Q: 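Got a structure here, written out as structure tokens. Questions coming.
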Amino acid sequence: MADAKNSFYLTTPIYYVNDAPHIGHAYTTVAADMLTRWHRQRQEDVWFLTGTDEHGQKVMRTAESNGVTPQQWADKLVDDAWVPVLNTLNAKNDDFIRTTQPRHESAVQEFISKLHDQGDIYAGSYEGPYCVGCEEYKQAGELLDGTGEHEGQKVCPIHGYPVEMLSEQNYFFAMSKYQDRLLAFYEEHPEFIQPASARNEVLGFVKQGLQDLSISRNTFDWGIPLPWDSEHVLYVWFDALLNYMTALQKNVDGEDTPELFEKYWPANVHLVGKDILRFHAVIWPAMLMAHGSALPKTIFAHGWLLVGGEKMSKTKLTGIAPSQIIDVFGSDAFRYYFMRAIQFGQDGSFSWEDMAAQYNAALANGWGNLASRLAAMVGKYFGGALPQAGEFTEADQHIADVAAKAVADAEAAIDAISPNHAIDAVWTLVDALNLYITEQEPWKVAKDESQAGQGGRLATILVTAAEGLRALAVLLNPVMPIAAGKLWDSLGAEDYLGALDAQPVATAGEFGQLKPGTTVTKGEALFPRLEDTTN
Ligand code: MSP
């Protein structure tokens with residue numbers, strides 16, 4: 001929910017540039033885009049931040065094995081893959097932060113200097129197993145025994161790759177001293193970690209006792225140098241988490257932006273995958289407590305897209321590029337599918353067969369067909385001008401009631417960060433309208449001249465359906481902006497109701513907004529039926 005400032009600041013994690021995006025990454029971005037578009041249509045002041053995480057050993061090693069510098073590698077991946085994928089997904093972010101930007105590096109140095117000066121950072125040494133995939137020291141107890149080519153070695157439970165034993169002199173953040181304050185904070189703010197399963201995991205972890213955190217590395221130099229000891233670079237996670245704050249402090253041109261910070265800090269929602277929950281729900285708030293800054297309202301951990309029961313990943317060669325699916329189905333259908341088919345917060349899997357089946361059933365036959373039938377009937381029976389409705393019967397009122405309830409339920413689901421439930425709620429209206437058309441049989445009513453004119457039964461049926469479709473265009477715009485925009489055009493409402501993006505979701509369910517005489521046009525199909533894609 002937005003706060004008293006009526007502002008809503010939402011972030012995605014910043015993505016590692018060691019490789020190009022797959023649909024697991026796209027999943028987080030699409031959820032962020034749907035939620036922020038919805039909040040914008042609530043007339044809130046929205047800021048949607050995404051970006052890339054460019055330091056650390058993982059990126060450095062990939063660059064080395066490709067024979068280029070880490071900066072060259074990062075620049076290439078950002079330009080060729082991470083920025084273009086936003087367009088492919090039709091995501092409308094407000095800013096894109098890269099951790100190699102000077103605006104970020106200088107603000108990070110200021111932040112850690114403060115912690116160092118006040119005694120929250122001290123020198124020490126650390127020895128332990130490190131997973132470069134996670135960029136994290138692991139506890140011995142969480143490692144698995146390797147099999148096959150990794151027989152005899154200990155492997156990371158997330159990446160399945162052998163960990164490396166590291167022994168280094170480094171600096172530590174005195175995180176353990178924030179343990180009690182963190183536990184008190186979780187207690188006072190049950191909404192801070194969502195969903196409940198994620199909250200329980202973090203509570204259990206912190207209650208076991210927090211250790212201080214090693215926050216520097218001195219065996220390589222691809223990172224932000226510590227201001228007080230340039231032999232060390234800052235630990236990549238400490239650097240990365242700060243992006244959420246530094247992006248509001250300066251713009252890409254390096255100019256201070258205090259008004260942005262004032263308006264949007266702290267974040268309303270950090271969306272993260274469950275693999276990076278602890279960094280966000282433990283380390284990040286401890287850093288902010290140490291700094292004396294306000295904490296974000298909610299960390300929401302979503303599940304993984306699985307392939308063969310495991311997290312989809314490029315390293316395991318199971319990554320599917322978003323464009324592979326979008327080239328076939330379009331970005332709207334991609335967004336719809338992933339936002340509806342998987343309960344947000346739980347794992348899910350993708351299959352071409354399921355995607356094709358959902359596309360045909362819900363989009364081509366469900367919503368798309370409804371829109372084209374209505375436009376065709378207004379064309380055929382009223383020359384393409386929306387008629388004047390007559391008296392509403394119970395059946396028409398039922399549609400208006402379903403629309404009002406769909407709005408209320410979808411709004412509540414958005415507040416609960418549950419995109420799939422929001423779409424389920426909206427779909428009650430798609431289903432009700434299809435049933436309504438089947439039951440009201442306007443094509444039969446049209447044959448009776450006494451009912452087929454202005455103010456007659458036929459007109460009332462078509463206007464009711466048109467109002468339902470108008471509500472659907474508004475409610476589905478955050479999920480499927482291209483199709484919703486086509487429908488808005490076809491209903492001809494823009495001239496007097498204004499642009500679709502500016503339509504408030506709260507009043508979408510109120511009927512009587514379309515004007516009699518409005519030109520309704522039958523454009524191209526919203527979702528052309530796929531002819532047997534499974535063969
Ligand atoms: N760079 C860190 C995040 C730093 S945020 C301060 C990172 N990057 S990542 O590229 O590996 O992952 C970014 C996001 O993509 C994470 O939220 C992660 O959970 C998500 N996904 C990566 N693979 C995924 C799936 N197979 N399924 C769903 N989401 C997954 O972690």
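Start at 1 and go down the list; that is how both ligands and their atoms are numbered. Bear in mind that the values here come from a model prediction, so they are computed numbers and not experimental data. Counting begins at 1 with the first residue of the sequence.
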Q: According to the interplanar angle, ranging from 0 to 90°, do the rings of Phe238 and Phe111 count as parallel (below 30°), tilted (30 to 60°) or perpendicular (above 60°)?
A: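 Because their plane-to-plane angle is over 60°, the rings of Phe238 and Phe111 count as perpendicular.
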
Q: For the residue pair Tyr16 and Thr62, establish whether any side-chain heavy-atom pair is separated by less than 4.5 Å.
A: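 Tyr16 does not reach Thr62 side chain to side chain.
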
Q: How far is atom 6 (C) of ligand 1 from its nearest protein heavy atom, and which residue and atom is that?
A: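 Going atom by atom, the protein heavy atom closest to atom 6 (C) of ligand 1 ends up being Tyr244 OH, 3.4 Å.
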
Q: Are any non-hydrogen side-chain atoms of Cys156 and Cys134 less than 4.5 angstrom apart?
A: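 In contact.
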
Q: Would you say Glu135 touches ligand 1, if touching means a heavy atom closer than 4.0 Å?
A: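 No; Glu135 lies far enough from ligand 1 that no heavy-atom distance drops under 4.0 Å.
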
Q: Are the ring centres of Phe350 and Phe338 closer than 6.0 Å?
A: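 Yes - the distance between ring centres of Phe350 and Phe338 falls below the 6.0 Å cut-off.
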
Q: Can you tell me the protein heavy atom closest to atom 12 (O) of ligand 1 and the distance?
A: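 Checking every protein heavy atom, the shortest distance to atom 12 (O) of ligand 1 gives His25 CD2, 4.0 Å.
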
Q: Asp53 heavy atoms, cut-off 4.0 Å: which ligand 1 atoms fall inside?
A: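 Counting atoms of ligand 1 from 1, those under 4.0 Å from Asp53 are 1 (N), 2 (C), 4 (C).
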
Q: Check this for me - ligand 1, Leu241, N or O atoms closer than 3.5 angstrom, yes or no?
A: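 The answer is no, given that Leu241 and ligand 1 share no N or O pair closer than 3.5 Å.
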
Q: Please evaluate residues Trp82 and Tyr15 with respect to the criterion ring pair (Phe, Tyr, Trp, His ring centres under 6.0 Å), reporting the C-alpha separation (whole Å), side-chain torsions for both, the decisive distance (0.1 Å), and the verdict.
A: CA-CA 8 Å; Trp82 288 98; Tyr15 301 99; 5.0 Å; yes

Q: Carefully, step by step, assess Trp265 and Tyr244 under the rule ring pair (Phe, Tyr, Trp, His ring centres under 6.0 Å).
A: CA-CA 9 Å; Trp265 189 263; Tyr244 305 129; 8.4 Å; no

Q: For atom 19 (O) of ligand 1, what's the nearest protein heavy atom and its distance?
A: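 Minimum-distance protein heavy atom for atom 19 (O) of ligand 1 reads Asp275 OD1, 2.6 Å.
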
Q: Does an N or O from Gly273, backbone or side chain, lie closer than 3.5 Å to an N or O of ligand 1?
A: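 Yes; the residue has a nitrogen or oxygen that sits under 3.5 Å from a nitrogen or oxygen of the ligand.
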
Q: Judging by distance only, is a nitrogen or oxygen of Met312 under 3.5 angstrom from one on ligand 1?
A: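 Between Met312 and ligand 1, an N or O pair is found under 3.5 Å apart.
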
Q: Does NZ or CZ of Arg217 fall inside the cone over Tyr130's six-membered ring, less than 6.0 Å from its centre and within 45° of the axis?
A: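 Verdict for Tyr130: a cation-pi partner in Arg217.
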
Q: Quick test: of every protein heavy atom, which one is nearest to atom 16 (C) of ligand 1, and how far off is it to 0.1 Å?
A: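 Heavy-atom neighbour on the protein nearest atom 16 (C) of ligand 1: Ile276 CD1, 3.7 Å.
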
Q: Going by heavy atoms, is Gly319 under 4.0 Å from ligand 1?
A: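 Contact check Gly319 vs ligand 1: negative.
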
Q: Does any N/O atom on Leu305 come nearer than 3.5 Å to any N/O atom on ligand 1?
A: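 Between Leu305 and ligand 1 (N or O atoms, distance only) the closest approach is under 3.5 Å.
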
Q: Of all the atoms in ligand 1, which lie at a distance below 4.0 Å from a heavy atom belonging to Ala240?
A: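 Numbered from 1, ligand 1 contributes 6 (C).
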
Q: Distance under 4.0 Å to a non-hydrogen atom of His302: what atoms of ligand 1 satisfy this?
A: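 Counting atoms of ligand 1 from 1, those under 4.0 Å from His302 are 28 (C), 29 (N).
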
Q: Given the rule in the side chain to side chain contact (heavy atoms under 4.5 Å, CB included) test, do Trp228 and Ile112 qualify, once you have shown the distances and angles that lead to the verdict?
A: CA-CA 10 Å; Trp228 63 89; Ile112 50 170; 4.3 Å; yes

Q: Please list, in number order, the atoms of ligand 1 under 4.0 Å from a heavy atom of Pro13.
A: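 Heavy-atom distances to Pro13 below 4.0 Å select 3 (C), 5 (S), 14 (C), 16 (C), 17 (O).
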
Q: Can you check whether Phe527 reaches Tyr359 side chain to side chain, under 4.5 Å on heavy atoms?
A: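 Yes, close enough: below the 4.5 Å cut-off.
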
Q: Does Arg199 make a cation-pi contact with Phe192 (under 6.0 Å, within 45 degrees of the axis)?
A: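 Verdict for Phe192: no cation-pi partner in Arg199.
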
Q: List the closest protein heavy-atom neighbour of atom 29 (N) of ligand 1: residue, atom name, distance to the nearest 0.1 Å.
A: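 Result for atom 29 (N) of ligand 1: Gly24 O, 3.2 Å.
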
Q: Within ligand 1, which atoms have a heavy atom of Gly303 less than 4.0 Å away?
A: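 Near Gly303, the atoms of ligand 1 are 28 (C).
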
Q: Considering only heavy atoms from C-beta outward, does the side chain of Thr29 approach that of Val85 to under 4.5 Å?
A: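 The answer is no, as the side chains (C-beta and beyond) never meet within the 4.5 Å cut-off.
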
Q: For atom 14 (C) of ligand 1, which of the options Trp304, Trp284, Tyr15 provides the nearest non-hydrogen atom?
A: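 Going through Trp304, Trp284, Tyr15 one by one, Tyr15 has the nearest heavy atom to atom 14 (C) of ligand 1.
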
Q: To the nearest 0.1 Å, how far is atom 3 (C) of ligand 1 from its closest protein heavy atom, and which atom is that?
A: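 Atom 3 (C) of ligand 1 sits closest to the protein heavy atom Ile14 O, 3.1 Å.
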
Q: Report yes or no: is the cationic atom of Lys274 (NZ for Lys, CZ for Arg) under 6.0 Å from the centre of the six-membered ring of Trp304, at an angle within 45° of the ring normal?
A: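 Verdict for Trp304: a cation-pi partner in Lys274.
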
Q: Would you mind listing which atoms of ligand 1 come within a distance below 4.0 Å of any non-hydrogen atom of His280?
A: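 Answer, ordered by atom number: 5 (S), 6 (C).
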
Q: Do any heavy atoms of Phe279 fall under 4.0 Å from ligand 1?
A: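 Phe279 does not count as a contact of ligand 1 under the 4.0 Å cut-off.
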
Q: So, for Thr36 and Phe48, which heavy atoms are closest and what is the spacing to 0.1 Å?
A: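 The pair with the smallest heavy-atom distance is OG1-CD2, 3.4 Å.
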
Q: Looking only at protein heavy atoms, which one is nearest to atom 11 (O) of ligand 1, and how far off is it?
A: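 Heavy-atom neighbour on the protein nearest atom 11 (O) of ligand 1: Tyr16 CD1, 3.3 Å.
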
Q: Could you check atom 23 (N) of ligand 1 against the protein and tell me its nearest heavy-atom contact, residue, atom and distance included?
A: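 The answer is His22 CE1, 3.3 Å.
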
